[in-house]
Amino acid sequence: MSYGADAQSAAVDLVVLSHAHEDHFDQAAEQQLPRNMPLVAPSHDAQKMQEKGFSALTSRAWNESVSYQAGAGTVTFTAVLAHHSGDASIDPLLGLGNGYWIDVTQGDWKKTLYWTGDTLAAEDVIQAVRARGPLDILMPHLGRVGTPGPLGKISMGADAAVQLARALSPTKVVPIHHSSYVLYLEPIDRLVTQSQGAHYGLDLISEGSRLLYR
């Protein structure tokens, strides 16, 4: 995430980080975030964030959870498997990041959200997420970042997002990580085209806008 001027003026309670690459945690975020801001980050990045002075850090590895009270409700974040490359042996080189399965509950009401982080739509990722149960909202990180070099493709494009949505059957898809950084190669229009007639609703959000799901 990037913590810009709009976020500074809002009431931010918690920052959740998939991993500490600059297109997720940039210089502006590092400078502007209060060091006592509650922050959830991958175990892989815990030492790095502590060295930067973040004192309210909660680190989680895959399959570990943390819960927070949100008014009368509860929000639970569970770190899930993420492969930043099609070659799992390259994951440690890129840094082991998290996806997050998010349960939002209040009494009998519940919404589930899967925020993918920079994973590809690998079969073991799909199986790990599917095992968590029905999904309401899928938030895929897109952009189709990558090169012909040894790292290859390191974020999903529209093809993979549609594959993931077909496998997980969400009600809504809210793509992020696709238009705000020079490394993002694929325009979001491609997902719009490929989602025509899909079983899910596609919601696009611009910087500073909000979505409300009931």
Side-chain angles (χ1 to χ4, degrees), residues 1-3 12-26 29-30 33 37-52 54-70 73-105 110-143 145 154-156 160-161 163-165 167-170 172-177:
M1 63 86 68
S2 295
Y3 187 80
V12 178
D13 297 309
L14 174 71
V15 173
V16 181
L17 191 66
S18 58
H19 58 305
H21 288 177
E22 285 194 2
D23 57 327
H24 295 254
F25 189 78
D26 60 20
E30 183 175 346
L33 279 173
M37 171 72 74
L39 190 152
V40 178
S43 296
H44 176 85
D45 290 315
Q47 182 176 347
K48 180 186 298 183
M49 302 308 292
Q50 289 168 342
E51 290 172 352
K52 292 179 183 295
F54 290 95
S55 58
L57 174 69
T58 298
S59 62
R60 288 294 182 266
W62 297 337
N63 299 317
E64 294 180 343
S65 300
V66 59
S67 296
Y68 296 90
Q69 291 303 119
T74 303
V75 183
T76 300
F77 299 86
T78 302
V80 297
L81 176 68
H83 291 311
H84 208 335
S85 169
D87 181 351
S89 68
I90 293 177
D91 279 348
L93 175 64
L94 292 168
L96 294 178
N98 289 344
Y100 291 97
W101 179 273
I102 304 170
D103 292 294
V104 184
T105 60
K110 180 177 181 178
K111 285 286 185 186
T112 56
L113 187 151
Y114 170 42
W115 178 38
T116 67
D118 270 357
T119 192
L120 301 181
E123 186 59 31
D124 56 346
V125 172
I126 290 172
Q127 292 302 325
V129 176
R130 185 185 281 155
R132 305 207 66 83
L135 176 64
D136 294 312
I137 303 164
L138 170 65
M139 295 187 71
H141 288 208
L142 300 182
V145 180
I154 57 175
S155 77
M156 288 188 287
Q163 174 191 349
L164 198 60
L168 301 177
S169 299
K172 294 286 188 177
V173 173
V174 184
I176 57 175
H177 188 278

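Because only heavy atoms are used, hydrogens play no part in the values below, and waters and symmetry mates are left out as well, while side chains stay in.
- Closest non-hydrogen pair, S18 versus G117, comes out as CB-CA, 3.9 Å.
- For D124, the side-chain contact (heavy atoms from CB on, under 4.5 Å) test picks out L81, H83, A122, with sequence neighbours left out.
- At most 12 non-hydrogen atoms from other residues, nucleotides or ligands lie less than 6.0 angstrom from CD of Q47.
- Ring geometry for W115 against H141 counts as tilted: the plane angle lies between 30° and 60°, on a 0 to 90° scale.
- Side-chain contact check for D118 and H21: no donor-acceptor pair (N or O, by modelled atom type) lies under 3.5 Å.
- Nearest heavy atom pair, residue H24 against residue L17, reads O-CD1, 4.0 Å.
- Remark: K110 engages D103 in a salt bridge, criterion side-chain N to carboxylate O under 4.0 Å.
- Scanning all heavy atoms of the two residues, the minimum distance from A165 to P170 falls at O-CD, 3.2 Å.
- The salt bridge (Lys or Arg N to Asp or Glu O under 4.0 Å) check on K111 picks up nothing, with sequence neighbours excluded.
- The shortest distance between side-chain heavy atoms of H84 and H19 falls below 4.5 Å.
- Here salt bridge (charged side-chain N to carboxylate O under 4.0 Å, His left out) pairs that include residues 38-50, with residues two or more places apart or in two chains, are D45-K48.
- Partners of Q50 under the side-chain contact (heavy atoms from CB on, under 4.5 Å) rule, at least two apart in sequence or in another chain, are L57.
- For R132, the side-chain contact (heavy atoms from CB on, under 4.5 Å) criterion is met by T78, V80, W101, not counting sequence neighbours.
- Partners of A70 according to the side-chain contact (heavy atoms from CB on, under 4.5 Å) rule, which considers only residues two or more places apart in sequence or in another chain, are V75.
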